Amino acid sequence: MSTSEAKKLEALVALEQALVKVPLEQFKRAFKTSQKHVEKEWAALATSAQEHIAKIDLKNGNKTEALKVIDSLTTRFTQLKKKLQESKEEELLYTNRIRIRLQHLDDLLNVPSQESPAFTRWSKTQLDRILVDYMLREGCFDSAKELAGEAGIEQLVDIELFAQSKMIEDALKRRSCVECLAWCKENNSALKKIKSNLEFNLRMQEYIELVRAQKLNEAILYLKKHLTPCADVHLKEVQMAAALLAFDPQTLCGRYKSLFDATRWNLLTAQFRATNCTLNTLTTQSLLHTSLQAGLAALKTPQCYDPETRNVNCPVCNASVYGVLAEGVPFSHHVNSCLVCRITGEIMDEGNFPMVLPNGYVYSQKALEEMALKHDGVVTCPRTGQQFMASQMRKAFAI
Amino acid sequence: MNKQTTKQMELLSDFDKSQLVDKQGTTASTTLNHIDGILAELVRVRGLVSLDESGSEAALQSLPLFLKRGQAASLESHKSLHSSASKVAKAVEKRFKQDANLDLIWNPRALSTTTTKEHTLNKAIEQHLIREGRFSLAARFAHEAQLSSSSSQTTESSDDALNAKFNDMFSILSHIKQFNLDPAINWVNSHSTQLAHIDSTLEFSVTRLQFLKLLFGVAGVSSGDRNAALQYAQLKFNAFKDQHMKEIQKLMCCLLYTSKINQSPYKALTETTAWSDLSHQFTRDFCLLLSLPAESPLHTCISVGVNALPTIIKMSSILKEQSGLEWSSTGELPVEIPLLDRQRFHSVFACPVSKELGTKENPPMMMVCGHVVCNESLKRLGKGSMTNKFKCPYCPSEGKGEQAILIHF
Ligand SMILES: [Zn+2]
Ligand SMILES: [Zn+2]
């Protein structure tokens, strides 16, 4: 393989960082949970066992006490075992997944060329992955799962991650912050690292809902407990929150009215989604959108919008679908001549000359010679229907 | 060759060196074994205590230490797993250090400004799924993405028609996969006129493969039958004698070699790739008859797009720095995106004299010698007059502007 081809493949791999980083983050999280169980819970069990057992003297009839301690330890170690089994299973899932995904990227680096069937296969799988990701982001879970299953790419897509995200988003749609707050707690340190204000916004919303319901005493307690401690960072918002107590939810006063606005819930959902993507090193936009935009721009030519020069194989020429999608993207840029035969779709160059018929229409030598062979030396111009003798065609020097 | 082998499975071998998978396994078993040990010990001590056995006091008192030892061993094992994980994380960071931030080049206004565009995109996906033969999935997606409720009656029925046509295609293809050509033969027979119209050789390809199947059989499906093949040839090949005589001669020569075909000059005719080639040709011609692209347009767009992204990322940051513009809001991309030959659908003509691109207003003109320049250049070469004689810039031939003809690529 040429170095430029290898470089291209390398650049394609560079686009796939989320493929590896997502399961790696998931592994790290599962590992942290396991470690916490061992380091904290197990240690605490051992310490409390020691305290209890030290007090027991079997000779002085503490037998029931002893049995009680043992039974309670059995229960708690059984629970600990269950929790550890779960987190270990998750760890296993994600280590295997990382391995499979690295293998998938290696497969790309090892294709003989971009013209090879191996590359086409890889790129079809990539499209399936991109589609599953899009479906997950659009909330089409059943379709996503079915496609992942049919294409056999369950390990290459992040269904669990989006399922968890969907659960929290649905809760927010029901106007419940509890699930999202629990998620914030789980990811506390990571959220701090990116200075996220998601938790504050959720608290603010819970507070606003208390005021909306005119549960003012509860609201004041909530304000003191959850919002005023954040005054060092969010002073203005906390002041506004306090002032809100003075307003009726039907208020028409500008900035306070906006606090009562129901669209704040949609903003929370969007913020959660974006934050979740950032924490998991996912892009906030689906790769389908980004690559489609790029692809349409790379393909779009003025000829696509001229019925005379449309090509059925060109996506942008499809006026009702891709032509519409391409409306807002720039045209492609070309510097050098590159001639495409309208019959075969092949490139016309020194190996397959462009031939001009007497009517000025140009086709590839291969296409016209094949046609002449089949029809006793007669060629028909597919665009005008005119017929000529093959001997009438001339080579054009246009490159 | 050596260099190639060291490069193979590069990402994977880095990962395997970290032993993450192994260590995860040992950590899990160490941890769970210790807990099982503790649970067993608890059962044992409980037995001793409840029966007032002699060693019960000592056994009870040593329990806390037993619990701690297990914890310490598990913790140790976790530490070693942690160091493996850090190695992997470091390798991944190093590998993906150029942070290709795809979000930066995304312009939300370019594609989904309106709900109609979102709807169009979902439609495109549905059509792609149908083309891929994933019919039930297409229906499920249409339902989940609420395509049917918002689309008009006409697009509904055109979808159903598309569905039915592709249903035909995939059922025929699945039979070809099982080495059964009967449905394909029926289809080409009933579309004979249309196929001739697009100059398709599909009819002959199917007939030819059926002949080879009869003659040599297909391993595990059918055995060869020379008489049946001969009969079939007499019945069918006559219709193709004008256009495919050479190939027919070759096929008939096969009859002489049946048992020793692998040592004959016609060995290539028995290869199973002939079946996948036929599937490919069938798909292409089928789509052509329906005036549909031979490849899924969504696949074309996405694979072109993914290939273009590295260039666009680079160009986008330069553009933003220099002019503060978003790449996607310009009328034309500032750089050329490399395309594979199969991804080029329109001819680009750049005048060799002026470097300008040919347009309707300034079309390519072919001079008497066969050299092509744009109309503007032609005028300039003739010093503003089409009747002035001038020498071609690329060859010794002379001609006038008026002798040049307008050409269409
Ligand atoms: Zn086009
Ligand atoms: Zn010339």
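Chain identifiers are assigned alphabetically (A, B, ...) following the order of the sequence lines, protein sequences preceding nucleic acid strands; residue numbering begins at 1 within each chain. Predicted model, so just to flag it, every value in this text is computed and none were measured.
With chain B as partner, the option from A:Thr78, A:Ile56, A:Leu92, A:Thr47 having the largest number of non-hydrogen pairs under 4.5 angstrom is A:Leu92. Ranked by heavy-atom pairs under 4.5 Å with chain A, the first of B:Ser136, B:Ser303, B:Cys395 is B:Ser136. Options A:Thr380, A:Asp306, A:Val69, A:Leu357 differ in how many heavy-atom pairs under 4.5 Å they form with chain B, and the most are formed by A:Asp306. Highest contact tally toward chain B, considering only A:Arg394, A:Gln35, A:Lys28, A:Glu89, is held by A:Arg394 [criterion: heavy-atom pairs under 4.5 Å]. Contact count versus chain B (heavy atoms, under 4.5 Å) is highest, among A:Gly345, A:Ala66, A:Ser34, for A:Ser34. Contact count versus chain B (heavy atoms, under 4.5 Å) is highest, among A:Asn359, A:Leu45, A:Leu105, for A:Leu105. Interface summary for chain B: among A:Ile130, A:Val13, A:Leu373, A:Asn318, the most heavy-atom pairs under 4.5 angstrom belong to A:Val13.
Relative ring orientation between B:His408 and A:Tyr361 is described as parallel, the plane-to-plane angle staying below 30° on a 0-90° scale split at 30° and 60°.
Here CZ of B:Arg46 is found 4.0 Å from CG of A:Asp71. Values are rounded to the nearest 0.5 Å. In this structure, CZ on B:Phe141 lies 12.5 Å from CG on A:Asp142, to the nearest 0.5 angstrom. In this structure, B:Gln24 CD and A:Phe27 CZ are separated by 6.0 Å, a value rounded to the nearest 0.5 Å. Rounding to the nearest 0.5 angstrom, the gap separating the CG atom in B:Asp52 from the NZ atom in A:Lys63 is 4.0 Å. How far CG of B:Leu339 is from OG of A:Ser332: 7.5 Å, rounded to the nearest 0.5 Å. A distance of 6.0 Å separates CG of B:Leu81 from NZ of A:Lys88, quoted to the nearest 0.5 Å.
Residues A:Val362 and B:Met366 form no side-chain contact, since every pair of their non-hydrogen atoms from C-beta on lies 4.5 Å or further apart. A:Phe77 is listed as a side-chain neighbour of B:Leu67, based on a closest heavy-atom distance under 4.5 Å. Using a 4.5 Å heavy-atom cutoff, the side chains of B:Leu121 and A:Leu288 are in contact. A heavy-atom distance below 4.5 Å is not found between the side chains of B:Leu333 and A:Phe331. A:Leu127 is listed as a side-chain neighbour of B:His128, based on a closest heavy-atom distance under 4.5 Å.
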Subject >> Derivation and outcome, side-chain hydrogen bond (donor to acceptor under 3.5 Å, both in side chains), residues B:Glu336 and A:Asn336 >> reply: CA-CA 10 Å; B:Glu336 184 159 16; A:Asn336 300 311; 4.6 Å; no

**OP:** Test B:His346 against A:Thr309 for side-chain hydrogen bond (donor to acceptor under 3.5 Å, both in side chains), laying out the working first.
**Re:** CA-CA 8 Å; B:His346 298 286; A:Thr309 46; 5.5 Å; no

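Heavy atoms closer than 4.5 Å to chain A are found nowhere in B:Thr359, neither backbone nor side chain.
Proximity of a side-chain donor or acceptor of A:Trp42 to a complementary backbone N or O of B:Lys68 within less than 3.5 Å is not detected. A donor-acceptor pair under 3.5 Å is formed between the side chain of A:Ser337 and the backbone N or O of B:Ala350. Using modelled atom types, no side-chain atom of A:Gln103 and backbone atom of B:Leu12 make a donor-acceptor pair closer than 3.5 Å. Formation of a donor-acceptor pair under 3.5 Å by the A:Asn313 side chain with backbone atoms of B:Glu295 is not found in this model. Of the possible polar contacts, one joining the B:Ser347 side chain to the A:Val340 backbone as a donor-acceptor pair under 3.5 Å is found.
Side chains of A:His333 and B:Glu332: a donor on one and an acceptor on the other come within 3.5 Å. Donor-acceptor pairing under 3.5 Å is lacking for the side chains of B:Asn122 and A:Glu138. For the residue pair B:Glu144 and A:Ser143, a side-chain donor N or O sits within less than 3.5 Å of a side-chain acceptor on the partner.
Of all heavy-atom pairs spanning B:Pro310 and A:Leu15, the tightest one is CD-CD1, 4.1 Å.
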